[in-house]
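Everything on this sheet refers to the single structure shown next.
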Amino acid sequence: MLFNQDHDEPRRILQKFIQSDINPHVDEWENAGIFPAHDLFKKLGDLGFLGLNKPVEYGGQGLDYSYALMMAEELGAVNCGGVPMAIGVQTDMATPALARFGSDELRKEFLAPSIAGDYVACIGVSEPGAGSDVAGIKTTAKSDGDDYVITGGKMWITNGTQADWICLLCNTGEGPVHRNKSLICVPMKTKGVTIARKLDKLGMRSSDTAQIYFDEVRVPKRNRIGEEGKGFTYQMVQFQEERLWGAAACLKAHEKTIQNTIDYTRGRKAFGKPLLDNQVIHFRLAELQTEVELLRSLVYRAAEALVAGQDVTQLATMAKLKAGRLGREIPDACLQFWGGMGFMNETLVSRSYRDSRLTAIGGGADEVMLGILCKMNGTLPGKA
């Protein structure tokens, strides 16, 4: 069984924190296009939520992945997608490789303050010409004595305008594209790092997203995570936690959208009866609830396998794919039942419609997930 009574107390604390310290401010942050990451992350760090499954010697709780999954699922109760996504970048996207493969010195310098909430982290993989195609990145770190000199740029970087450091994937060699990359911890205040602009997005409005340039940025080689040339492999491992986290974060968010739609259609009358009394509506909502529960079962199964030390590439990829599909299906179906009110920015269903669309793109597009699954099934042409 994935969850037990040991999860009850941290779950209760997180639920209380969301209701007291996040949801009352979400509308303000959405309008501002940014939230105070350092302030919020410090509070979460003080409560121990930024390092649930990270090593205790660096300030983490040393718990298994089920606790991280619990946190991801509970963050679905936040009244937007941007803030949970930013938190997930800190806990399950920018720091897993560092925690797993980084040197003690590097983990003390970057991981410990990230767990404490003193540092905000971001992950630098995507580029304008290489989003889901990770092997195609062009950012390069050339060797110069004991340093790397980094040149290039990154795009769609969550937390990018507020981050203290970036977990940067770049080319450190001339060999095959899957064996010439490294992950490097780069302080954002290093000379040559430029935040080109804060991006204007369709959804996830409260999360700041940046385009970043690196112009001969010099960092010591000791900032490299693990072995040189292993960055692509480390990132693929890191992606599994990211994709599983993303799928888990959808669960309560979609349940909330469905419940809000039930409440609205029960109270809204048309042609002399509540909208909810129409079979097409209550049947459809029942179908959507079933889809969410099926996704939960898949996510939980993958998490159990991860806790047991198994390779979860296939299950995590399936969960990410299904979450991406439901991210379009559920908000779209529910918004329709709100009629004109669903088209208003003041309703949460419209925010869900905008925010959830990213699930099918970020962390690997649906088509990339399908390619991975076909390769594993031996059905991808030329890859059998």
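Numbering of residues begins at 1 and proceeds along the displayed sequence.
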- Tyr353 atom OH: more than 12 heavy-atom contacts under 6.0 Å: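 At most 12 heavy atoms, drawn from other residues, nucleotides or ligands, come within 6.0 Å of this atom.
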Is a donor on one side and an acceptor on the other found under 3.5 Å between the side chain of [X] and the backbone of [Y]?
X: Gln238; Y: Ala97; value: yes
X: Thr95; Y: Gln90; value: yes
X: Asn345; Y: Arg351; value: no

- Query: Do the ring planes of Trp165 and Phe110 sit parallel (below 30°), tilted (30 to 60°) or perpendicular (above 60°)?
  - Reply: tilted
- Query: Taking the inter-plane angle between the rings of Phe41 and Phe35 on a 0 to 90° scale, is it parallel (under 30°), tilted (30 to 60°) or perpendicular (over 60°)?
  - Reply: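 Phe41 and Phe35: tilted rings.
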- Task: Could you grab the distance from atom OG1 of Thr139 to atom CD of Glu127, nearest 0.5 Å is fine?
- Result: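 Interatomic distance, Thr139 OG1 to Glu127 CD, rounded to 0.5 Å: 3.5 Å.
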Please check if any side-chain donor atom of [X] sits under 3.5 Å from a side-chain acceptor atom of [Y], or the reverse.
X: Glu228; Y: Ser182; answer: no
X: Thr313; Y: Asp311; answer: yes
X: Asp263; Y: Gln259; answer: yes

- Query: Would Tyr300 and Phe3 count as a ring-ring contact (aromatic ring centres under 6.0 Å, His included) if you check the C-alpha gap in whole Å, the side-chain angles of each, and the deciding distance to 0.1 Å?
  - Reply: CA-CA 9 Å; Tyr300 282 15; Phe3 298 127; 5.2 Å; yes
- Message: Walk me through whether Cys170 and Thr140 qualify under side-chain contact (heavy atoms from CB on, under 4.5 Å).
- Response: CA-CA 5 Å; Cys170 51; Thr140 300; 6.0 Å; no
- Query: Minimum heavy-atom separation for Leu169 to Ile137, with atom names?
  - Reply: O-CD1, 3.4 Å
